[in-house]
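Residue numbers run from 1 in the order of the sequence given. In what follows, every heavy atom counts, from backbone to side chain, and hydrogens, waters and symmetry copies are set aside. Atoms within each ligand, like the ligands themselves, are counted from 1 in listed order.
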Amino acid sequence: MARVELRDIVRKRRMVHRFTREPVADETLLRILEIARHAPSAGFSQAFRLVVLDDPGRLEWFWRLTTPPDELPELDQRIATGPPVVVLPFTSKAAYLDRYSAPDKAGFGLQSEEAWPVPFWHVDAGMAIMLILLAAVDEGLGGWYFGIVHGESDLLPELGIPDQYALLGAIAIGHRAPEDVRTQGSAFSRPRVSVDELVRRSHW
Ligand SMILES: Cc1cc2nc3c(=O)[nH]c(=O)nc-3n(C[C@H](O)[C@H](O)[C@H](O)COP(=O)(O)O)c2cc1C
């Protein structure tokens with residue numbers, strides 16, 4: 001039974017781009033974000049952190065700062081249909097290097113970045129972000145992960161982010177607007193990969 005519920009939530013999840021003005025109750029938001037505590041992390045480093053922006057003034061400031069100049073004409077529209085909550089996810093490479101310098105991990109030889117086969121601080125963050133997106137669906141809300149391509153250098157000092165933490169994009173959370181009906185974009189123009197393409201048995 002539980003398996004069916006998970007699959008329903010996974011299939012229902014879509015990136016939501018337009019939201020209603022309805023706020024997200026704080027206890028709902030905390031239930032959604034709390035799930036990230038249960039994300040796996042290499043060496044249980046748990047270096048994932050979240051900064052919540054849910055004050056209307058703060059959100060307007062966020063959109064103004066992060067909207068690229070050529071998209072500024074759409075800013076008012078973006079704010080009007082934007083989410084009531086934007087959560088900024090962060091990770092710390094330094095925390096992983098530190099964790100893997102501890103006596104129980106030092107034997108892996110991962111005290112320096114070059115030794116890591118893949119940056120697990122990014123892998124772990126992806127796992128945690130996905131949990132948040134699924135938890136939002138579970139609460140009857142919508143989520144949208146997007147990259148920050150502009151304004152990061154102004155954003156981080158104002159938010160008091162310590163130097164060792166790197167911004168990983170943004171997660172919008174809110175009530176999906178009825179007009180969030182997408183008929184274009186890569187999620188529509190590109191077919192979903194088939195199971196045969198996805199899964200190879202014993203050999204590529
Ligand atoms: C790492 C990553 C970066 C993404 N960046 C953006 C983005 O900057 N803007 C955006 O609108 N969507 C972004 N997306 C959403 C993808 O376009 C979306 O997941 C994909 O088209 C499939 O659609 P669906 O998630 O609604 O099923 C990103 C997704 C991922 C996983």
Measure the distance from atom 14 (N) of ligand 1 to every protein heavy atom, then report the residue, atom name and distance (to 0.1 Å) of the closest one. Tyr145 O, 3.6 Å
Chi angles and distances behind the salt bridge (Lys or Arg N to Asp or Glu O under 4.0 Å) call for Asp138, Lys12: CA-CA 9 Å; Asp138 193 37; Lys12 217 163 132 189; over 6 Å; no
When distances are taken from atom 23 (O) of ligand 1, the protein heavy atom at minimum range is Ala187 CB, 3.4 Å
Flag His17 as yes when one of its N or O atoms lies below 3.5 Å from any N or O atom of ligand 1, and as no otherwise. yes
Set out, in order, the CA-CA distance, both residues' side-chain angles and the distance that settles ring pair (Phe, Tyr, Trp, His ring centres under 6.0 Å) for Tyr100 and Trp121, then state yes or no. CA-CA 12 Å; Tyr100 276 78; Trp121 40 96; 9.3 Å; no
I'd like to check which ligand 1 atoms, numbered from 1 as shown, lie under 4.0 Å from a non-hydrogen atom of Arg14. 26 (O), 27 (O)
Nearest protein heavy atom to atom 17 (O) of ligand 1, by residue and atom, and its distance? Ser186 OG, 4.4 Å
Report yes if the side chains of Phe62 and Ile148 come closer than 4.5 Å at any heavy-atom pair, otherwise no. yes
Answer yes or no for Arg190: is there a heavy-atom contact with ligand 1 below 4.0 Å? no
Any idea which protein heavy atom is nearest atom 10 (C) of ligand 1, and the distance to it? Trp144 NE1, 3.3 Å
Decide side-chain contact (heavy atoms from CB on, under 4.5 Å) for Leu53 and Val87; before the verdict, give the C-alpha distance in whole Å, the side-chain angles of both, and the deciding distance to 0.1 Å. CA-CA 6 Å; Leu53 308 180; Val87 179; over 6 Å; no
Can you tell me if Gln164 and Ser92 form a side-chain donor-acceptor pair at under 3.5 Å? yes
Quick test: of every protein heavy atom, which one is nearest to atom 8 (O) of ligand 1, and how far off is it to 0.1 Å? Gly147 N, 2.9 Å
Who's the nearest protein heavy-atom neighbour of atom 16 (C) of ligand 1, and how far? Met15 CG, 4.5 Å
Are Arg200 and Trp204 in a cation-pi setup, meaning NZ or CZ lies under 6.0 angstrom from the ring centre and within 45 degrees of the ring axis? yes
May I ask you to identify the nearest protein heavy atom to atom 27 (O) of ligand 1, giving residue, atom name and distance to one decimal place in Å? Arg13 NH2, 3.4 Å
Do ligand 1 and Phe146 have nitrogen or oxygen atoms that lie under 3.5 Å from each other? no
Side chain proximity check, Leu167 to Leu88, heavy atoms < 4.5 angstrom: yes
